[in-house]
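Below: one structure, written as structure tokens.
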There are 2 protein chains.
Amino acid sequence: MNFSIAEENYIKNIYHLQQQSELVNTNSLAYELQTKPASVTDMLKKLQIKNLLDYEKYKGFRLSSKGNKVAINIVRRHRLWEFFLVTKLGFEWDKVHAIAEELEHVSNQELIQKLDRFLNHPQTDPHGDPIPDGNGKMPVIHQLSMADVVEKKKVIVSSVGNQSPAILELLNHYHINIGTEIKINQRFSFDGSIEIKVGKYAACIISELVAKNIFVYHE
Amino acid sequence: MNFSIAEENYIKNIYHLQQQSELVNTNSLAYELQTKPASVTDMLKKLQIKNLLDYEKYKGFRLSSKGNKVAINIVRRHRLWEFFLVTKLGFEWDKVHAIAEELEHVSNQELIQKLDRFLNHPQTDPHGDPIPDGNGKMPVIHQLSMADVVEKKKVIVSSVGNQSPAILELLNHYHINIGTEIKINQRFSFDGSIEIKVGKYAACIISELVAKNIFVYHE
DNA sequence: ATTAATTTTTAGACAAATCTAAAAAAAAGA
DNA sequence: TCTTTTTTTTAGATTTGTCTAAAAATTAAT
Ligand SMILES: [Mn+2]
Ligand SMILES: [Mn+2]
Ligand SMILES: [Mn+2]
Ligand SMILES: [Mn+2]
């Protein structure tokens, strides 16, 4: 079955909101899609009719298992294209989201399968997020928030929680990218800030909020 | 300025029809777009308001110079993606048109510029059609119809006029592709058919209609 | 337990792109 | 030239996705 661009954007955003809370509510989806709650309600009805959504009036909603499969497929396309844009076309990692937002809607199965092979079946996108395989299986990425890492450890950046241009700008300033090696020097309990050393650059301090949004793995 | 997918499809198809006849008429565009003449008339009005079209009721229409620029840009995107699909993803040349038909509408300037560089600024798409550069300039491809080639000459296939699945199926059968070397053995005046030798395969005969649709260049 | 605030849904309208059926204009034929 | 046929346009309807304003349901506060 094939879905419109609008339907796909709704499905994908419901999926993302579900990662944070089991049930999704109308207002937060409207905010995410930059649209009005009334428009969301209209679309929810359509998605329910197509069996993509479990939805009870006024009670919130979640994707059905069918809807979940569709969502994961869109996420797969989005992240594969992001990987392509960065590794093949040389885009900066903070510039690819908007373009992938369009490319993800070209839903030819063979295209995505061949793109995946061309890219050598990447496990994570340029933001460190896992790329589901053709069967919808997410590769397990064992990562933890930098706010939880023990002192003196060396870690490697694997993903960024909040992907707003604002945080990406800040990370660029700190010379932090996916794959960057960081040493945790010291954690200050007063405000949760952390002194770190990035590569060969002088040690610096990041706020707790930033630390929480940087995901890393050991070794 | 940005255009909807529907608008872009109209603009591109008007452009292609103009290659064959100066003025375009409603019915042929409707046929090309697989839609109804009434729908075409509606869209023509919109395109005229946006200064993309020179249009006089009942008199036919042509792209304005602004419309022409937009069209060439869409053609550029379409052909670059086709080239990508064949050379990088390994698609057969007769399978890429439908996919490029969607990809062409992702209209990020930087994307196309970087894609072009990644592909090493290709001059022709997998069907031998020229790819306009970023300024809209078409590279000159000196090719002629195989129906006009002199006997005994060796030629190289550069493009195919009619790109229907039907002719592509036939060409595959003859082992003819873009870049294939063909020797013209003999032309039969009775029906305009031509005996040719394709690579190492046994000599065979193609109809005049096929010959007219195969474009080649010398040496 | 009422009242007030928030969230969600309905009602009704609108723009884009399409359609069918009918009218108008142009082209072709007698 | 005067019909007839073909082409093109209008009129009016439909579908998709959106909106505003108002009503209904839920949740929070007094
Ligand atoms: Mn999108
Ligand atoms: Mn991403
Ligand atoms: Mn298209
Ligand atoms: Mn082509």
Just jot down the salt bridge (charged side-chain N to carboxylate O under 4.0 Å, His left out) partners of A:Glu110, sequence neighbours excluded, or say none. A:Lys114

A:Asp191 meets the side-chain contact (heavy atoms from CB on, under 4.5 Å) criterion, sequence neighbours left out, with A:Phe188, A:Ser193

Between B:Lys59 (NZ) and C:dA24 (P), how many Å, whole number? 18 Å

Please determine, for the side chain of B:Met43, which listed nucleotide (C:dT9, C:dT18, D:dG17) has the closest atom? C:dT18

Please confirm whether B:Lys88 makes a cation-pi placement over B:Phe118, using NZ or CZ under 6.0 Å from the six-membered ring centre and within 45° of the ring normal. yes

Would you mind reading off the distance between A:Ile5 atom CD1 and C:dA17 atom P, rounded to a whole angstrom? 12 Å

What nucleotide, of D:dG17, C:dT8, D:dT9, holds the atom closest to the side chain of A:Ser4? D:dG17

Flag for B:His121-B:Asp133: side-chain donor and acceptor within less than 3.5 Å: no

Round to a whole Å and report the spacing from NZ of B:Lys57 to P of C:dA25. 8 Å

Does the structure place the NZ or CZ of A:Lys50 under 6.0 Å from the centre of the six-membered ring of A:Phe3, at an angle of no more than 45° from the ring's axis? no

Let's see if you get this right: which residues in residues 8-33 of chain B place a heavy atom under 4.0 Å from DNA chain C? B:Tyr10

Name the nucleic acid region contacted by B:Tyr55, choosing base, sugar-phosphate or nothing; use a 4.0 angstrom heavy-atom cut-off, strictly under. sugar-phosphate

Rounding to a whole Å, what distance do you find between A:Leu44:CG and D:dT18:P? 12 Å

Sugar-phosphate atoms are those with a prime plus P, OP1 and OP2; base atoms are the rest. Using that split, label each nucleotide of nucleotides 19-25 of chain D B, S or - for protein heavy atoms under 4.0 Å, 5' to 3'. BB---BS

Without decimals, in angstroms, what is the distance between B:Leu47 CG and C:dT18 P? 11 Å

Does the side chain of B:Glu82 come under 3.5 Å of the side chain of B:His127 through a donor N or O and an acceptor N or O? yes

In short, the helix from C:dA1-D:dT30 to C:dA30-D:dT1 is bent end to end, axes from five pairs each side, to 10°, by 10°

To the nearest angstrom, the CD1-C1' distance between B:Ile49 and C:dA15 comes to 13 Å

Consider only side-chain N and O atoms of B:Asn177 and B:Thr180, and report whether a donor and an acceptor are under 3.5 Å apart. no

Holding to side-chain hydrogen bond (donor to acceptor under 3.5 Å, both in side chains), I want the full list of residues that pass it with B:Lys95, two or more places apart in sequence or in another chain. none

What's A:Lys46 touching, base or sugar-phosphate or nothing? Going by heavy atoms closer than 4.0 Å. base

Can a donor-acceptor pair be found between the side chains of A:His173 and A:Glu169 at a distance below 3.5 Å? no

Do B:Tyr174 and B:Ile214 touch side chain to side chain, with heavy atoms closer than 4.5 Å? no

Straight-line distance of A:Ile74 CD1 to A:Lys12 NZ, nearest 0.5 Å: 7.5 Å

